[in-house]
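First the structure, in the form of structure tokens, and then the observations on it.
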Amino acid sequence: MPELPEVETTVLDLRKKVLNRTFLDVWTDFPKMIKLPNSFEQFKREIKGEKIEKIWRRGKNILFDFSGDKTLLIHQKLTGHLLLGYWILDNGYWRPKNPGLLGERINTYIHLLFTLDNGKMLVLSDLRKFAKVELLDKKTLEKELISLGPEPLEKGFTFERFKECLSEKKGRIKQVLMDQKVIAGIGNIYSDEILWQAKIHPFKETKQLRDEEIKKIYDTMREILPKAIGVGGESISDFRRISGEKGGFDSLRKVYRREGEKCSRCGTIIKRLKLDGRSAHFCPMCQV
DNA sequence: TGCAGTGTTGCTTC
DNA sequence: CGAAGCAACACTGC
């Protein structure tokens with residue numbers, strides 16, 4: 001379940017390793033994963049020989065720009081993993097040359113594999129097959145990304161702008177923070193973590209928030225997300241860096257999946273409640 | 001055993 | 001128009 005910090009970690013890793021590499025070939029056992037162009041054969045024809053000139057992120061989307069007018073978009077959704085290394089085709093599925101860090105949960109579910117011009121392979125493993133892959137021209141890409149809210153870490157994203165974003169949306173603060181149209185990149189883990197640190201109850205109506213509370217959420221968001229990027233993302237779920245390594249956010253994780261444990265701030269038992277079909281983890285004492 | 005839970009997005013329905 | 005519900009999928013845990 002990669003959110004902004006995990007996707008950013010992946011992008012930073014990819015930049016170091018595959019920038020200026022060229023795609024030589026592509027394999028899949030699940031063509032449905034590729035939404036555009038309409039056939040895998042066409043996707044293959046179009047991506048072969050393309051050189052990766054830029055790697056960037058928008059919300060939870062990973063983007064590879066090629067020369068000319070093409071961009072490869074990958075959204076990992078719940079269980080997608082982008083990994084770089086060497087694999088060998090064996091009996092219809094790919095085995096890692098060096099099994100090392102990866103468990104069966106990742107190794108067994110490789111559904112897309114790119115061969116690069118340095119011999120390395122970039123694979124997309126995805127247990128639940130929710131991931132989305134598209135090869136788009138700039139116009140279509142722009143149309144796809146237009147519905148996303150602003151990037152929370154961008155320099156120009158001021159407190160005033162954040163306040164405006166929240167004011168346009170009614171509902172509970174956790175829900176609103178996770179709404180990609182309001183602000184891009186925050187999911188279940190980081191909404192819980194941000195609200196715990198800001199001492200705001202996840203069920204609090206956005207309209208009821210005072211200015212200083214919104215400021216607290218804004219400051220916390222701009223602190224936690226970079227901190228999570230700095231340690232390479234979270235590790236409670238199956239997220240892995242492209243090397244297979246886990247992220248280091250675990251020791252910083254205060255509430256997410258900590259139901260029944262003591263709040264590190266006040267000692268109260270952390271609660272988990274359903275909110276819009278999702279789990280919200282919070283401290284019932286210090287989050288108001 | 002079977003069924004709810006997991007968590008993201010986008011489509012359908014009201 | 002908006003919100004809510006559900007499907008896409010597969011495995012875990014009760």
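Convention: sequence-line order gives letters A, B, ...; per-chain numbering from 1. Values reported hereafter were calculated over all heavy atoms of this structure, with side chains retained and with hydrogens, waters and symmetry mates removed.
The interatomic distance linking A:Asp238 (CG) with C:dT12 (P) rounds to 10 Å, in whole Å. Rounded to a whole Å, the CZ atom of A:Arg128 is 10 Å from the P atom of C:dA10. Whole-Å rounding puts the A:Leu273 CG to B:dT6 P distance at 12 Å. If you take CZ of A:Arg257 and P of B:dT6, they are 8 Å apart, rounded to a whole angstrom.
Consecutive Watson-Crick or G-U pairing (both distances under 3.5 Å) extending over three or more pairs maps onto DNA chain B as B:2-6 with C:10-14, B:8-14 with C:2-8.
Taking only side-chain nitrogens and oxygens, A:Lys32 never comes nearer than 4.0 Å to OP1 or OP2 of C:dA8. Put simply, A:Lys274 has a side-chain N or O that comes within less than 4.0 Å of OP1 or OP2 on B:dT6. Residue A:Tyr109 has a polar side-chain atom (N or O) positioned under 4.0 Å from OP1 or OP2 of C:dC11. One finds no side-chain N or O of A:Thr79 lying less than 4.0 angstrom from the OP1 or OP2 phosphate oxygen of B:dT6.
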Which atom pairs, donor and acceptor, lie under 3.5 Å between side-chain atoms of residues 33-45 of chain A and protein residues at least two apart or in another chain?
from, atom 1, to, atom 2, distance (Å)
A:Lys35, NZ, A:Lys32, O, 3.2
A:Ser39, OG, A:Gln42, N, 3.1
A:Gln42, NE2, A:Glu46, OE2, 3.0

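For A:Lys227, the salt bridge (charged side-chain N to carboxylate O under 4.0 Å, His left out) partners are A:Glu223, not counting sequence neighbours. With sequence neighbours excluded, the residues satisfying salt bridge (charged side-chain N to carboxylate O under 4.0 Å, His left out) with A:Lys169 are A:Asp179. Looking at residues two or more places apart in sequence or on another chain, you find no salt bridge (charged side-chain N to carboxylate O under 4.0 Å, His left out) involving A:Glu142. Residues satisfying the side-chain contact (heavy atoms from CB on, under 4.5 Å) test with A:Glu213, not counting sequence neighbours, are A:Ile200, A:Lys204, A:Leu209, A:Arg210. Listed by chain and number, the residues in a side chain to side chain donor-acceptor pair (under 3.5 Å) with A:Lys271 amount to none (sequence neighbours excluded). When the side chain to side chain donor-acceptor pair (under 3.5 Å) test is applied to A:Thr140, the partners found at least two apart in sequence or on another chain are A:Asp137.
In the set C:dA8, C:dA10, B:dT6, C:dA8 carries the atom at the smallest distance from any side-chain atom of A:Phe130.
Here the separation of B:dA4 from C:dG5, taken at their P atoms, is 16 Å to the nearest Å. Atom name P, nucleotides C:dC9 and B:dG2: the rounded distance is 22 Å, in whole Å.
Counting non-hydrogen atoms of neighbouring residues, nucleotides and ligands closer than 6.0 angstrom, the NZ atom of A:Lys138 exceeds 12 such neighbours.
Pairs of residues two or more places apart, or lying in two chains, that qualify as salt bridge (charged side-chain N to carboxylate O under 4.0 Å, His left out) and include a residue from residues 58-70 of chain A are A:Glu50-A:Lys70, A:Arg58-A:Glu151.
Within the nucleic acid shown, A:Gly277 has no heavy atom closer than 4.0 Å to any nucleic acid atom.
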Pick out the pairs of N or O atoms, protein on one side and nucleotides 2-7 of chain C on the other, that lie under 3.5 Å.
from, atom 1, to, atom 2, distance (Å)
C:dA3, OP2, A:Lys169, NZ, 3.1

Show each protein N/O and nucleotides 9-12 of chain B N/O combination with a separation under 3.5 Å, one pair to a line.
from, atom 1, to, atom 2, distance (Å)
B:dT9, OP1, A:His75, NE2, 3.0
B:dT9, OP2, A:Lys60, NZ, 3.3
B:dG10, OP1, A:Lys132, NZ, 3.2

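Applying the 4.5 Å side-chain rule to ILVMFWY residues, one finds that A:Phe239 remains a lone member of its cluster.
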Exercise for review: Take A:Asp29 and A:His111 through the test side-chain hydrogen bond (donor to acceptor under 3.5 Å, both in side chains) and record every step on the way to the result.
Suggested key: CA-CA 5 Å; A:Asp29 66 346; A:His111 297 303; 2.9 Å; yes
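Between A:Phe203 and A:His201, the angle of the ring planes goes over 60°, which puts this pair in the perpendicular group of the 30/60° scheme.
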